[in-house]
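The first residue in the sequence is number 1, and the count goes up from there.
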Amino acid sequence: GTDLSQAINGTTTFALNADSTIEVRTRNTTGPGKAGLKVTSNGIATYANGTWDKAASYSAIQVNDNLNLTSDLTVCSCTVQSNKNLIIESDNTLVVLENIVVADGGQIIVENNGSLVQVDDNATYTGNNTSFKMNRNTTPLFRLDYTYWSTPLNPISGYKLIDLSPNTLATKYYKWSNAWVAVNRNTEVMVPGRGYIIRAPNNFPMESSGDQPQIDNVVFTGQPNNGMITIPIDNSGDGWNLIGNPYPSALDIEEFYRNPNNQSILDGTIYLWTHNTEIALSGTSYNYSKSDYASYNMTGGTGTTGGNVSTPEGKVASGQSFFIKGLASGNAEFNNSMRVRQGGLNNQFFKPAPTEVVENWQTTGKHRVWLNLTSTQNDFNQTLIGYIENATNQLDWGYDGDVFSGGIVSIYSIANNKPLTIQGRALPFSNLDEVPLGYKTTLTGTLTISIDHLDGLLEGQNIYLKDNVLNLVHN
């Protein structure tokens with residue numbers, strides 16, 4: 001069945017769904033062979049009076065009482081009875097292999113950073129437009145801060161931009177079409193897979209006020225998305241497209257990259273807005289730093305502040321949108337194989353973890369160095385250089401990422417005369433390898449280049465920086 005195909009050895013037990021296929025192969029050269037196969041049904045596990053009547057894992061479940069899910073759970077199907085709530089608490093995931101039914105008056109509620117995943121792309125969700133709620137909390141915001149949004153709801157829910165942020169000024173809702181385009185918040189039903197940016201509520205404090213920023217608590221109410229979702233990609237102009245995670249669960253961006261259709265029409269690097277730089281007032285206009293886009297591809301991610309606190313690691317949270325460049329016109333595809341089933345990974349995209357030693361360490365894995373460029377005014381930019389399995393020293397789709405846009409300071413590496421925010425290079429690593437670097441700035445004064453962090457074989461490796469102007473080498 002979908003994502004469940006495995007070889008059965010010994011007496012291992014496997015979960016099957018309605019689309020599963022069992023193939024039995026025997027080989028015996030001395031006479032007739034025998035094979036035994038036992039298929040059983042777990043039946044329905046019912047939750048009532050505060051307890052389960054049988055094990056819920058990999059069963060069809062029926063929720064007859066209010067239930068708070070405090071750990072990850074995988075079930076065959078899920079039914080929530082009338083006037084009962086199934087609450088998926090923060091950092092937990094409910095995985096449903098097939099269909100979901102929510103009776104009138106019942107609800108599935110996903111708390112912030114929780115996830116609901118359906119596995120079968122053709123599975124159905126039956127419920128009205130109040131049967132599902134997903135809570136999403138923004139990072140702390142000042143009034144002029146923007147959040148990049150995408151909806152986890154099916155369009156039949158009728159969920160409009162004003163439903164997401166009713167206290168934002170009416171003129172501060174946008175989508176992207178080779179430029180920012182204002183959107184009517186009262187009529188625009190959010191489209192799955194499309195990205196939007198929305199300014200913070202107008203009753204939030206200004207950054208200059210001295211007050212603390214506030215968290216915006218957003219509630220998506222309707223029916224959740226599931227299965228195949230497509231969104232048009234435009235490669236005209238600069239080719240940039242603002243698209244987003246369409247599911248009530250995290251999206252594995254590397255699985256999104258691996259889709260053959262997406263590889264044919266999309267570049268292999270995404271750019272995510274973090275807003276870590278204070279907004280600057282220029283005359284009567286407010287300027288947002290172009291350096292506040294974190295980036296990610298299969299080499300790794302670059303952050304927008306030092307210390308590895310804003311470096312994406314390939315999981316795009318529910319409700320999050322991102323920029324990606326179109327290489328050709330067509331439709332980008334999302335499907336359930338791209339959804340993250342593990343709990344605790346729907347809490348934004350900043351969850352770094354170093355690569356671990358494996359066999360053939362010299363020719364496999366990821367071995368990376370992150371370089372920072374900072375000014376005395378704390379302007380910041382970061383570039384990543386990694387020695388990666390399957391990368392080459394030429395330009396590689398999915399391993400090399402363009403410089404998205406120049407901010408006050410910008411640092412990059414160079415391959416084939418092209419500036420790159422992320423550069424993947426070939427293994428095995430050679431300690432004689434030289435990588436050209438460049439930088440741009442609108443400032444005068446002192447800039448500092450430093451190593452933010454390293455992983456893999458580069459931990460403990462001497463790295464030298466050569467100043468081509470002064471002909472000096474710095475260790």
### Query
So Y296 and Y257, would you call those rings parallel, tilted or perpendicular, with 30° and 60° as cut-offs?
parallel
### Minimum heavy-atom distance between S318 and P152, given as atom pair plus value
OG-CB, 3.8 Å
### Summary
CZ (R143) and CG (N202) are apart, to the nearest 0.5 Å, by 5.0 Å
### Query
Should we say atom CG of N203 is surrounded by more than 12 heavy atoms from elsewhere, each under 6.0 Å from it?
yes
### Query
Just by modelled atom types, is the T130 backbone N or O under 3.5 Å from a matching donor or acceptor in the Q107 side chain?
yes
### Task
Kindly indicate, with the supporting measurements, whether the criterion side-chain contact (heavy atoms from CB on, under 4.5 Å) is fulfilled by L384 and W370.
CA-CA 5 Å; L384 166 62; W370 286 258; 3.5 Å; yes
### Message
Main chain of Y439, side chain of S410: is a donor-acceptor contact present, judged purely on distance under 3.5 Å?
### Response
no
### Query
Do I243 and F256 come close enough that some side-chain heavy atom pair is under 4.5 Å?
yes
### Query
Any donor and acceptor pair, going by atom type alone, linking the side chain of Q223 with main-chain N or O of G127 inside 3.5 Å?
yes
### Task
Using only heavy-atom distances, determine whether the side chains of N372 and D452 contain a donor-acceptor pair under 3.5 Å.
yes
### Summary
CG (L454) and CD (Q461) are apart, to the nearest 0.5 Å, by 9.5 Å
### Message
What I'd like to find out is whether the side chain of N335 reaches to under 4.5 Å of the side chain of N259, using heavy atoms alone.
### Response
yes
### Message
Would you say that V409 contacts L443 through its side chain, given a criterion of any heavy-atom pair below 4.5 Å between the two side chains?
### Response
yes
#### Entry: No-hydrogen, no-angle side-chain donor-acceptor test under 3.5 Å, N235 and S329
yes
### Task
Give a yes or no on whether a salt bridge exists between K418 and D402, defined as a side-chain N under 4.0 angstrom from a carboxylate O.
yes
### Query
Roughly how far apart are T168 OG1 and D216 CG, rounded to 0.5 Å?
7.0 Å
### Task
State whether a side-chain donor-acceptor pair under 3.5 Å links Y125 with S131.
yes
### Query
Do we see a donor-acceptor contact under 3.5 Å between the side chains of D104 and N128?
yes
### Message
I want to check something: taking the side chain as every heavy atom from C-beta on, are T441 and S375 in contact at a cut-off of under 4.5 Å?
### Response
no
### Query
Just by modelled atom types, is the P246 backbone N or O under 3.5 Å from a matching donor or acceptor in the N225 side chain?
yes
### Residues N390, Y399; criterion side-chain contact (heavy atoms from CB on, under 4.5 Å); working and verdict
CA-CA 9 Å; N390 298 323; Y399 295 96; 3.5 Å; yes
### Task
Keeping the roles fixed (side chain from N245, backbone from V316), state whether a donor-acceptor pair exists under 3.5 Å.
yes
### Task
Return yes if some donor-acceptor pair links the side-chain N/O of T93 with the main-chain N/O of V95 below 3.5 Å, else return no.
no
### Query
Is there a donor-acceptor contact under 3.5 Å linking the side chains of T124 and N99?
yes
### Query
Any sub-3.5 Å donor-acceptor pair from N129's side-chain atoms to I156's backbone N or O?
yes
### Task
Give the C-alpha distance, both sets of side-chain angles, the deciding distance and a yes or no for side-chain contact (heavy atoms from CB on, under 4.5 Å) between F429 and H367.
CA-CA 8 Å; F429 168 72; H367 315 275; 5.9 Å; no
### Task
Identify the heavy atoms of L447 and L373 that sit nearest to each other, and give their distance.
CB-CD1, 3.8 Å
#### Entry: Under 3.5 Å: donor-acceptor pair, side chain of R199, backbone of L169
no
### Message
I need the minimum non-hydrogen distance between L116 and R339, along with the two atoms involved.
### Response
O-NH2, 2.7 Å
### Message
Looking only at the side chains, is there a donor atom on one of S177 and D234 sitting less than 3.5 Å from an acceptor on the other?
### Response
no
### Query
Mind checking whether Y148 and W180 have parallel, tilted or perpendicular rings, split at 30° and 60°?
perpendicular
### Message
I233 and side chain to side chain contact (heavy atoms under 4.5 Å, CB included): which single residue from I265, L327, N262 fits?
### Response
I265
### Task
State, with a plain yes or no, whether a side-chain heavy atom of S236 is found less than 4.5 Å away from one of N178.
yes
### Query
About how many Å separate CD of E389 and NZ of K366, when rounded to the nearest 0.5 Å?
10.0 Å
### Query
Can you tell me if Q394 and N416 form a side-chain donor-acceptor pair at under 3.5 Å?
yes
### Query
Can you tell me how far CG of L251 sits from CD1 of I270, rounded to the nearest 0.5 angstrom?
8.0 Å
### ring pair (Phe, Tyr, Trp, His ring centres under 6.0 Å) partner of W176, chosen from F323, W240, Y271
F323
#### Entry: Sidechain-backbone polar pair: E207 side chain, F142 backbone, donor-acceptor under 3.5 Å
no
### Query
What are the two closest non-hydrogen atoms of Q423 and S413, and how far apart are they?
NE2-OG, 2.7 Å
### Message
Are there over 12 heavy-atom neighbours, none belonging to Q377, within less than 6.0 Å of that residue's CD?
### Response
yes
### Task
Can you see which heavy atom on L97 is nearest to which on V119, and at what distance?
CD2-CG2, 3.7 Å
### Query
Would a 4.5 Å heavy-atom cut-off, applied to side chains only, mark S295 and T302 as touching?
yes
### Message
Can you confirm whether the side chains of N68 and E89 place a donor and an acceptor under 3.5 Å from each other?
### Response
yes
#### Entry: Beyond-backbone contact of T230 with N261, side-chain heavy atoms, under 4.5 angstrom
no
### Query
Okay, side chain of Y173, backbone of S165: is any donor-acceptor separation there less than 3.5 Å?
yes
### Message
For T448 and T374, which I'm curious about, is there any donor-acceptor pair between the side chains at under 3.5 Å?
### Response
no
### Task
Starting from the C-alpha separation in whole Å, work towards a yes-or-no answer on side-chain hydrogen bond (donor to acceptor under 3.5 Å, both in side chains) for Y387 and D433.
CA-CA 11 Å; Y387 297 85; D433 192 36; 2.6 Å; yes
### Query
Taking it one step at a time, do W149 and T138 satisfy side-chain contact (heavy atoms from CB on, under 4.5 Å)?
CA-CA 10 Å; W149 289 104; T138 66; 3.5 Å; yes
### Gap separating the CG atom of N154 from the CE atom of M190, nearest 0.5 angstrom
13.5 Å
#### Entry: Minimum side-chain heavy-atom gap L141-I215 below 4.5 Å
no
### Minimum heavy-atom distance between S150 and F220, given as atom pair plus value
O-CZ, 3.8 Å
### Query
Does the side chain of N336 come under 3.5 Å of the side chain of N226 through a donor N or O and an acceptor N or O?
yes
